[in-house]
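Pasting a structure here, questions to come.
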2 protein chains.
Amino acid sequence: MEVKTKQQGIKVVADVLDIIGGKWRGPILSYICDKPRRFNELKSILGRITSATLSKELRYLEELRMIERVEIRTETSSAYEYRMSQHGKSIKTLIQHVVEWGLQHRRVVLEEEIIP
Amino acid sequence: MEVKTKQQGIKVVADVLDIIGGKWRGPILSYICDKPRRFNELKSILGRITSATLSKELRYLEELRMIERVEIRTETSSAYEYRMSQHGKSIKTLIQHVVEWGLQHRRVVLEEEIIP
DNA sequence: CAGGATCCATATGGATACTG
DNA sequence: CAGTATCCATATGGATCCTG
């Protein structure tokens with residue numbers, strides 16, 4: 001698979017933006033990336049997200065094969081955690097590229113504002 | 001400038017998504033990237049965008065220092081074109097990274113669907 | 001040709017309340 | 001703890017009409 005037309009490239013970019021875009025999906029992925037997280041753990045790290053929203057976003061990221069919901073059983077209890085899928089892990093590098101460019105962007109914009 | 005906390009990293013990512021996200025900003029940048037474009041040229045390439053929307057998006061990308069609006073004067077007429085700023089050009093590489101990851105993502109998701 | 005002004009449709013995420 | 005169901009607020013982009 002490769003990009004043959006600009007139209008296709010644009011669609012591929014839109015796919016990716018759908019995954020890391022929106023208000024929460026980027027942050028959620030970035031926290032799960034570090035280590036598997038429990039539902040309420042994510043909820044408290046993320047701050048102002050509601051259960052309903054977090055639930056929806058997690059379902060969607062699962063559907064996209066970015067994360068997996070796994071049951072953790074002990075003798076006495078069971079719990080769930082969310083972790084990156086094998087494929088999901090690969091987005092970490094991309095996010096690093098995004099951050100790098102974003103920092104450069106800030107430098108440029110700030111400099112222009114300091115020395116107009 | 002560097003990222004010291006995850007919170008900062010998340011903000012930087014949000015900055016970038018604001019630039020290439022939304023329905024039109026990615027496509028607009030990608031067409032201007034190739035070569036300078038006129039307003040109505042963009043409008044017709046982009047297809048279903050209205051003047052009002054295109055106008056808003058272009059103003060915003062200018063404000064972000066991604067593109068520049070330049071007047072082209074001849075003896076008999078004047079016209080405007082939009083071109084990437086020096087800084088704006090640097091996003092091309094990032095978009096390539098995004099496309100590469102996006103293609104990999106498609107491969108993974110499609111394969112899983114073919115062989116469930 | 002290159003837009004601005006105004007008003008409107010829809011999608012995203014939020015508030016609230018509830019369940020096993 | 002880990003969610004779901006329902007309803008709702010706001011933001012993004014669109015439709016339409018107008019201008020120099």
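Protein chains get the first letters and strands the later ones, always in sequence-line order, with residue 1 at the start of each. Side-chain atoms are counted along with the backbone in the values below, which use heavy atoms only and exclude waters and symmetry mates.
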Worksheet item: Between A:H87 and B:W101, how do the two ring planes meet: parallel, tilted or perpendicular, split at 30° and 60°?
Response: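 Ring orientation of A:H87 relative to B:W101: parallel.
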Fill in: Distance in angstrom units between A:F39 CZ and C:dG20 C1', rounded
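Result: 15 Å.
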Worksheet item: Under 4.0 Å: is that the gap between some side-chain N or O of B:W24 and OP1 or OP2 of D:dT12?
Response: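 No, because none of the side-chain N or O atoms of B:W24 sits under 4.0 Å from OP1 or OP2 of D:dT12.
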Discussion item. Rounded to whole Å, please give me the gap between CZ in A:R37 and P in D:dA2.
Written reply: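 Those two atoms, CZ and P, are 14 Å apart.
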Worksheet item: Are A:K11 and B:R106 side-chain neighbours, meaning at least one heavy-atom pair lies under 4.5 Å?
Response: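 Yes - at least one pair of side-chain heavy atoms lies under 4.5 Å apart.
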Worksheet item: Which parts of residues 48-75 of chain A get close to DNA chain D, meaning a heavy atom less than 4.0 angstrom away?
Response: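 The stretch gives A:S51, A:A52, A:S55, A:R59, A:R69 as the residues lying under 4.0 Å from the strand, ordered by number.
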Item to complete: Return the minimal non-hydrogen interatomic distance between B:L61 and B:R25, and the atom names on each side.
Response: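 Heavy atoms of B:L61 and B:R25 come nearest at CD2-CD, 3.9 Å.
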Worksheet item: Can you tell me how far P of D:dG3 sits from CG of A:L42, to the nearest Å?
Response: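 In whole Å, D:dG3 P lies 10 Å from A:L42 CG.
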Fill in: Short side-chain N/O contact to D:dC1 OP1/OP2 from A:R38, under 4.0 Å
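No, because none of the side-chain N or O atoms of A:R38 sits under 4.0 Å from OP1 or OP2 of D:dC1.
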Discussion item. With a 4.0 Å cut-off on N to O distance, would you call A:R73 and A:E71 a salt bridge?
Written reply: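 Salt bridge present between A:R73 and A:E71.
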Worksheet item: For B:N40 and C:dG4, what is the distance between atoms CG and P respectively, to the nearest whole Å?
Response: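 It is 13 Å, rounded to the nearest whole Å.
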Worksheet item: Could you state the CD1-P distance from A:I28 to C:dT12, rounded to the nearest angstrom?
Response: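 Between P of C:dT12 and CD1 of A:I28: 15 Å.
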Worksheet entry | From CD (A:E57) to CD1 (A:I49), nearest 0.5 Å |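 If I round to the nearest 0.5 Å, the distance is 6.0 Å.
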Discussion item. Whole angstroms only, please: what is the CD1-P distance between B:I45 and C:dA2?
Written reply: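 Distance check: B:I45 CD1 to C:dA2 P gives 12 Å.
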Item to complete: Let me know the distance between CD of A:E81 and C1' of D:dG3, rounded to the nearest Å.
Response: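 Distance, rounded to whole Å: 17 Å.
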Worksheet item: When the distance from CG of B:L17 to P of C:dG13 is rounded to whole Å, what number comes out?
Response: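 Taking atom P of C:dG13 as the reference, CG of B:L17 is at 12 Å.
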Discussion item. Show the nearest heavy-atom pair for residues B:D34 and A:K6, with the distance to one decimal.
Written reply: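 Closest approach of B:D34 to A:K6, heavy atoms only: OD2-CE, 2.8 Å.
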